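One structure below.
Residue numbers begin at 1 in each chain, while the letters A, B, ... track the order of the sequences. Given the structure is predicted, the values throughout are model-derived calculations rather than measurements.
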Amino acid sequence: MTLNWKIGGVALGLVFFLAVLLVKPIGVSTQFVILDGIVADVVNPELVTKTDDGYTSTNAYLAKSGGKYAKSVANPLNYSFIFVIAMMVGAFLSAKMRGGNGADENKLPAIHYANFGDTPIKRYAIAFAGGFVVLYGARLAGGCTSGHMMSGMMQTALSGYIFAAGAFAAAVPVAMMMYKKG
Amino acid sequence: MQIVLALIIGALFGFVLDRIGATNPTVLIRMLSLRSLGLMKAILLAIGVGSILMFGGQMVGLVDVGHMSVKTAYVGVFVGGLLLGAGWALSGFCPGTGVCAAATGRKDALFFILGGLLGAAAYMITYPSVKATGMLDAIAGGKVTLGSVPGAKYDGLMAMPGDVLGIVLGLIFVAVAFAVPEAPGGDAVPAPAE
């Protein structure tokens with residue numbers, strides 16, 4: 001089931017090393033923007049357009065840094081986007097091999113049940129609001145737990161340390177106040 | 001080839017995240033409320049191991065220094081970190097573990113992803129006004145590492161050799177991983193594995 005922290009930590013460290021050895025450091029949160037862009041570009045094909053030397057967008061964020069996000073939106077079969085899809089496949093296989101989470105856990109996690117009882121709608125609302133804040137914050141910060149905290153601190157990036165300081169400064173008090181039981 | 005590597009490394013990453021309990025909000029929240037730090041120990045160890053291998057690999061010429069990708073430091077990194085931290089503690093998910101949790105069958109993770117897509121879209125729309133605040137302007141040299149990594153395109157905050165510093169910090173991460181107590185409050189009840 002859950003790996004011992006030593007084995008798990010070494011395995012995770014090896015994955016991070018493999019990524020930077022073969023391609024580049026791991027990151028995830030940008031792909032939420034790319035998926036938004038892909039969907040929005042289907043609704044409004046004017047959003048991302050090809051230029052003489054690449055791609056650009058009517059959205060300033062997609063167009064920034066020489067249109068690198070616009071390029072990924074136009075070509076979803078790129079390394080970083082496929083990487084996130086593959087993460088889901090890996091997690092799915094791992095869950096299957098350990099027999100899944102169980103129906104109760106899949107409905108709502110034990111910690112929510114311990115604090116708020118059998119209130120799945122409340123849990124989904126919290127998860128939705130949390131997701132909104134997490135991704136807004138990640139994009140403002142320019143990365144998330146993967147890109148800034150793990151990949152960043154591994155590379156001794158100053159930005160990774162700044163990010164981790166901010167993330168834990170908020171996360172610890174919120175977790176303590178919100179979830180007193182379980 | 002890149003796509004094949006994305007499939008292999010991505011799948012390994014997702015697999016390991018699930019195996020260390022990171023797809024379970026209960027484990028995450030018990031970590032963030034400092035009740036059960038097994039996952040924290042694993043993450044600290046992973047950063048240390050990754051750092052030692054990467055900088056050691058650079059020293060012996062195995063790892064291409066050009067593969068490093070250092071992000072810019074700016075005030076928004078801290079502010080965004082605060083927001084992410086708050087949402088992380090509320091939901092028990094971060095972007096990577098949220099998508100993985102959804103893949104393991106967790107229904108709440110789907111709502112997290114939906115909220116995340118809207119949050120990312122909100123940033124895309126508000127980006128010009130965020131930029132106008134100056135919060136995104138580089139500080140302390142922007143894309144910098146703590147030491148100066150030989151051959152890297154990034155400046156060092158300090159003149160000391162960045163690869164040596166990276167290995168030293170890596171060892172410190174490993175030492176801290178071992179030093180951190182698994183249950184600081186003397187909590188006898190371990191986090192449920194499932």
Side-chain angles (χ1 to χ4, degrees), chain A residues 1-3 5 8-9 11-13 15-17 19 25 28-29 32-33 36 60-61 79 82-83 86-92 94-95 106 109-111 123-124 127-128 130-137 139-141 144-146 154 156-159 162-163 166-167 170-171 174-176 179, chain B residues 2 6-7 10-16 18-21 25-26 29 32-33 38 41-42 45-47 49-51 53 69-71 73 76-78 80-87 89-91 94-96 100 103-105 108 111-112 115-116 119-121 123-124 127 144-146 166 193:
Chain A
M1 294 303 159
T2 308
L3 287 174
W5 71 269
L12 188 61
V15 174
F16 274 87
F17 173 66
V28 175
S29 69
F32 280 77
V33 171
D36 278 337
Y61 191 60
Y79 176 85
I82 297 297
F83 185 92
M87 280 173 72
M88 298 181 75
V89 175
F92 172 79
S94 167
N106 279 341
I111 192 110
R123 171 61 192 165
Y124 302 152
F128 179 86
F132 187 96
V133 180
V134 164
L135 263 301
Y136 192 92
R139 286 298 86 214
L140 171 57
C144 63
T145 334
S146 303
M154 172 182 117
T156 72
L158 175 66
S159 51
I162 296 173
F163 176 84
V174 170
M176 282 182 162
Y179 299 97
Chain B
Q2 286 261 308
L7 288 170
L12 283 173
F13 186 41
F15 192 95
V16 174
D18 183 65
R19 283 302 153 122
I20 60 175
T26 303
I29 289 166
L32 293 174
S33 57
K41 287 162 82 74
L45 182 60
I47 295 172
V49 167
S51 209
L53 290 177
S69 174
V70 171
K71 295 173 188 281
V77 173
F78 187 77
L82 287 173
L83 287 172
L84 180 137
L90 272 179
S91 62
C94 56
C100 286
T104 71
D108 50 347
F111 288 87
F112 174 85
Y123 187 73
M124 287 165 73
Y127 170 72
V144 293
T145 48
L146 300 180

Most chain A-contacting option - heavy-atom pairs closer than 4.5 Å, from Gly81(B), Ala121(B), Gly96(B): Gly81(B)
Side-chain donor/acceptor of Thr2(A) to backbone N/O of Arg19(B), under 3.5 Å: no
Largest heavy-atom contact set with chain A, pairs under 4.5 Å, which of Leu12(B), Val70(B), Val144(B): Val144(B)
Parallel, tilted or perpendicular: ring planes of Tyr136(A) versus Phe132(A), cut at 30 and 60 degrees: parallel
Stepwise side chain to side chain contact (heavy atoms under 4.5 Å, CB included) check, Tyr123(B) with Leu135(A): CA-CA 8 Å; Tyr123(B) 187 73; Leu135(A) 263 301; over 6 Å; no
Among the listed options Pro95(B), Ala86(B), Cys100(B), the residue most often paired with chain A at heavy-atom distances under 4.5 Å: Pro95(B)
Flag side-chain contact, heavy atom, 4.5 Å: Leu84(B) against Thr145(A): yes
Beyond-backbone contact of Pro109(A) with Arg123(A), side-chain heavy atoms, under 4.5 angstrom: yes
Between Ala175(A), Ser146(A), Gly90(A), the one whose heavy-atom pairs under 4.5 Å with chain B are most numerous: Gly90(A)
Trace of the side chain to side chain contact (heavy atoms under 4.5 Å, CB included) decision for Ile20(B) with Trp5(A): CA-CA 7 Å; Ile20(B) 60 175; Trp5(A) 71 269; over 6 Å; no
Residue selection (most heavy-atom pairs with chain B, distance under 4.5 Å) from Ala157(A), Ala141(A), Ala170(A), Ser29(A): Ala141(A)
Heavy-atom pair count under 4.5 Å with chain B, highest-scoring of Leu158(A), Ile82(A), Val174(A): Leu158(A)
Heavy-atom proximity to chain B below 4.5 Å, by part of Phe16(A): side chain
Other residues, nucleotides, ligands: >12 heavy atoms within 6.0 Å of Phe17(A) CZ: yes
Partner set under ring-ring contact (aromatic ring centres under 6.0 Å, His included) for Tyr124(A), not counting sequence neighbours: Phe111(B)
Partner chain A: residue of Ala73(B), Gly166(B), Gly38(B) with the largest heavy-atom pair count (under 4.5 Å): Ala73(B)
Segment of Val77(B) engaging chain A (4.5 angstrom heavy-atom cut-off): both
Most chain B-contacting option - heavy-atom pairs closer than 4.5 Å, from Phe92(A), Tyr61(A), Phe163(A): Tyr61(A)
Chain B interface, residue from Gly166(A), Cys144(A), Ser94(A), Ala171(A) that has the most non-hydrogen pairs under 4.5 Å: Ser94(A)
